[in-house]
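Beneath this line is the structure, given in structure tokens, with notes to follow.
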Amino acid sequence: MSIKQDWINYIHGLQDRICAALEKEDGKATFKEDQWQRPEGGGGKTRVIANGNVFEKGGVNTSVVFGEVTDTMRNQLKINGKNWFACGLSLVLHPVNPFVPTVHCNYRMFEVYGENENEAADRWFGGGTDLTPYYLFEEDARHFHQTYKNACDAFDAGFFPAFKKECDNYFVNWHRNKERRGIGGIFYDHQRPSAEKDVQFWFNFGKTCGDAFITAYLPIVQKRKNTPYTDQHKHWQEIRRGRYVEFNLVHDRGTLFGLKTNGRTESILMSLPPTVRFEYNYQPQPGSEEDKLWQATLNPVDWV
């Protein structure tokens, strides 16, 4: 099989494994699948979970899409060629309990073709996983980052510090004094195969990072999902969810790519939380647990 088909098979298998693990953890809600087709080429499987014991709203989506490179893609996305192909998995989970973090994960492969549609003229891999807690538990932060450090170190000792920094500098609401969306993780993009790190290397790296998601996230969910909380905790969760919305609508490249390529709007905006608050000039009480989290978003921490 081609590397393209191998990647498609891996992504669909990862979707199945993650959904099964999340359903088991929730114990109530199950994923509803919505298969869709894109008129210009390809389609995807959107799986949404809602109103569960653990997950208030979440989605684990896969897409296999392709088409002609448009002028919009050339001008705004800097993609040059005749045709393109993209396949990836994207997930976002918004838990009920404010002590359980929101999490995002995305792994993808992109190809561009010239006149020969059977041979990629350009190919790159990208992805990452990042954590957005509402209350900061340092042991959870260390566990999450250590899991991805272990995954990265199996390939290149320089990956984790580089990709952690990339994550810290990508998920940023620049319009809010460089406030990060959460406490980071790893993020990489446009990783092209080379003589030293060939296509199989980057395929295996993406696979290892994708496989690490359950190990990184579910132990945190298990530890925090039954923590008692108040309306005040829920209020802060909705304030921070507002920041999540701001980043996704203003800065997120995946959102912009989907909308610019006539992607499926419902699937693209699946990442938005079900309830949010936008309160004028809201500031957490100095020294509070809310402030502790906020400070970590303003000043990224090296957790491992």
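The basis for the numbers below is simple: all heavy atoms, side chains too, and nothing from hydrogens, waters or symmetry mates.
- Among residue pairs with one or both ends in residues 6-39, those qualifying as ring-ring contact (aromatic ring centres under 6.0 Å, His included) are Trp7-Tyr10, Trp7-Phe125, Trp7-Phe203; sequence neighbours excluded.
- When the shell of 6.0 Å around NZ of Lys292 is examined, it contains more than 12 heavy atoms from other residues, nucleotides or ligands.
- Under the 3.5 Å distance criterion, the side-chain polar atoms of Gln237 are matched with a main-chain donor or acceptor of Pro95.
- At a threshold of 4.5 Å between non-hydrogen side-chain atoms, the residues Leu131 and Ile220 count as touching.
- Scored by the side chain to side chain donor-acceptor pair (under 3.5 Å) test, Glu119 finds no partners at all (sequence neighbours excluded).
- No donor-acceptor distance shorter than 3.5 angstrom exists from the side chain of Glu40 to the backbone of Glu68, with no hydrogens or angles considered.
- Proximity of a side-chain donor or acceptor of Asp130 to a complementary backbone N or O of Cys167 within less than 3.5 Å is not detected.
- Considering CD1 of Ile8 and OG of Ser2, their distance stands at 7.0 Å, rounded to 0.5 Å.
- Within the 4.5 Å cutoff, no side-chain heavy atoms of Val60 are placed close to those of Leu14.
- Other residues sharing the hydrophobic cluster of Phe247, ordered by chain and number and joined by side-chain separations under 4.5 Å: Tyr170, Phe171, Phe187.
- Within the 4.5 Å cutoff, side-chain heavy atoms of Asp156 are placed close to those of Lys197.
- When each of Trp124, Phe159, Phe110 is tested with Trp202 by the rule ring-ring contact (aromatic ring centres under 6.0 Å, His included), just one qualifies, namely Phe159.
- Between His94 and Tyr244, the ring planes lie perpendicular to each other; the angle is over 60°, past the 30° to 60° tilted range.
- Neither Val250 nor Leu256 shares a network with the other; the hydrophobic side chains, linked directly or stepwise wherever heavy atoms of I, L, V, M, F, W or Y lie under 4.5 Å apart, form separate groups for each.
- The closest donor-acceptor contact from the side chain of Lys57 to the backbone of Leu272 lies under 3.5 Å.
- A donor-acceptor contact shorter than 3.5 Å links the side chain of Arg38 to the backbone of Phe66.
- Ile186 places a side-chain heavy atom less than 4.5 Å from the side chain of Cys209.
- Atoms CG and CG, on Asn61 and Leu89 in that order, are 7.5 Å from each other to the nearest 0.5 Å.
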(message) For Arg264 and Asp34: C-alpha separation, side-chain torsions, deciding distance, then whether side chain to side chain contact (heavy atoms under 4.5 Å, CB included) applies.
(response) CA-CA 11 Å; Arg264 184 170 183 267; Asp34 188 4; 2.4 Å; yes
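- Although no hydrogens or angles enter the test, the distance criterion places a donor-acceptor pair under 3.5 Å between the side chain of His145 and the main chain of Ile183.
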(message) Run the side chain to side chain contact (heavy atoms under 4.5 Å, CB included) test on Ile239 and Glu290 for me, step by step, so that the C-alpha distance in whole Å, both residues' side-chain angles and the decisive distance to 0.1 Å come before the verdict.
(response) CA-CA 10 Å; Ile239 292 286; Glu290 291 81 5; over 6 Å; no
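- Asp189 has its side chain within reach of Arg253: a pair of non-hydrogen atoms, C-beta onward, lies under 4.5 Å apart.
- Annotation: cation-pi pair Arg224/Phe137 present, NZ/CZ under 6.0 Å from the ring centroid and within 45° of its normal.
- Under the rule for a side chain to side chain donor-acceptor pair (under 3.5 Å), the partners of Arg180 that lie at least two apart in sequence or sit in another chain are Asn169.
- Using modelled atom types and a 3.5 Å distance limit, the side chains of Thr147 and Thr215 yield no donor-acceptor pair.
- When the shell of 6.0 Å around CD of Gln200 is examined, it contains more than 12 heavy atoms from other residues, nucleotides or ligands.
- The distance from atom OG1 of Thr30 to atom CD1 of Ile49, rounded to the nearest 0.5 Å, is 7.0 Å.
- Every side-chain contact (heavy atoms from CB on, under 4.5 Å) that Glu33 has, sequence neighbours left out, goes to Gln35, Lys45, Arg47.
- Between the CG atom in Asn248 and the CG atom in Asn173 there is a gap of 9.0 Å [rounded to 0.5 Å].
- Under the rule for a ring-ring contact (aromatic ring centres under 6.0 Å, His included), the partners of Phe155 that lie at least two apart in sequence or sit in another chain are Phe201, Phe205.
- The shortest side-chain heavy-atom distance between Trp84 and Val65 falls under the 4.5 Å cut-off.
- Between the side chain of Asp26 and the backbone N or O of Val54, at least one donor-acceptor pair lies under 3.5 Å.
- Considering CZ of Arg17 and CG of Asp211, their distance stands at 4.5 Å, rounded to 0.5 Å.
- For Phe144, the ring-ring contact (aromatic ring centres under 6.0 Å, His included) test picks out Tyr148, with sequence neighbours left out.
- Using a 4.5 Å heavy-atom cutoff, the side chains of Leu218 and Leu22 are in contact.
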(request) Using the side chain to side chain contact (heavy atoms under 4.5 Å, CB included) rule, take Val112 and Ile79 through it: C-alpha gap first, then chi angles, then the decisive distance, then the call. (result) CA-CA 8 Å; Val112 180; Ile79 294 171; 3.9 Å; yes
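- No single ILVMFWY cluster, assembled from side-chain heavy atoms under 4.5 Å apart, contains both Leu93 and Val48.
- With sequence neighbours left out, the ring-ring contact (aromatic ring centres under 6.0 Å, His included) criterion links Tyr134 to no other residue.
- Partners of Lys225 according to the side chain to side chain donor-acceptor pair (under 3.5 Å) rule, which considers only residues two or more places apart in sequence or in another chain, are Glu25.
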Side-chain donor-acceptor pairs of residues 295-303 under 3.5 Å, sequence neighbours excluded:
residue	atom	partner	partner atom	Å
Gln295	NE2	Asp291	OD1	3.2
Thr297	OG1	Trp294	O	2.6
Asn299	ND2	Gln295	O	3.4

(request) Start with the C-alpha gap between His235 and Glu279, add the side-chain angles, then the distance that decides, and say whether side chain to side chain contact (heavy atoms under 4.5 Å, CB included) holds. (result) CA-CA 11 Å; His235 177 271; Glu279 295 188 8; 2.7 Å; yes
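- Atom CH2 in Trp236 sits 13.5 Å away from atom OG1 in Thr230 (nearest 0.5 Å).
- For the pair His175/His251, a side-chain contact is recorded, criterion being any heavy-atom separation below 4.5 Å from C-beta on.
- With sequence neighbours excluded, no residue forms a ring-ring contact (aromatic ring centres under 6.0 Å, His included) with His143.
- Every side chain to side chain donor-acceptor pair (under 3.5 Å) that Asp153 has, sequence neighbours left out, goes to Lys149.
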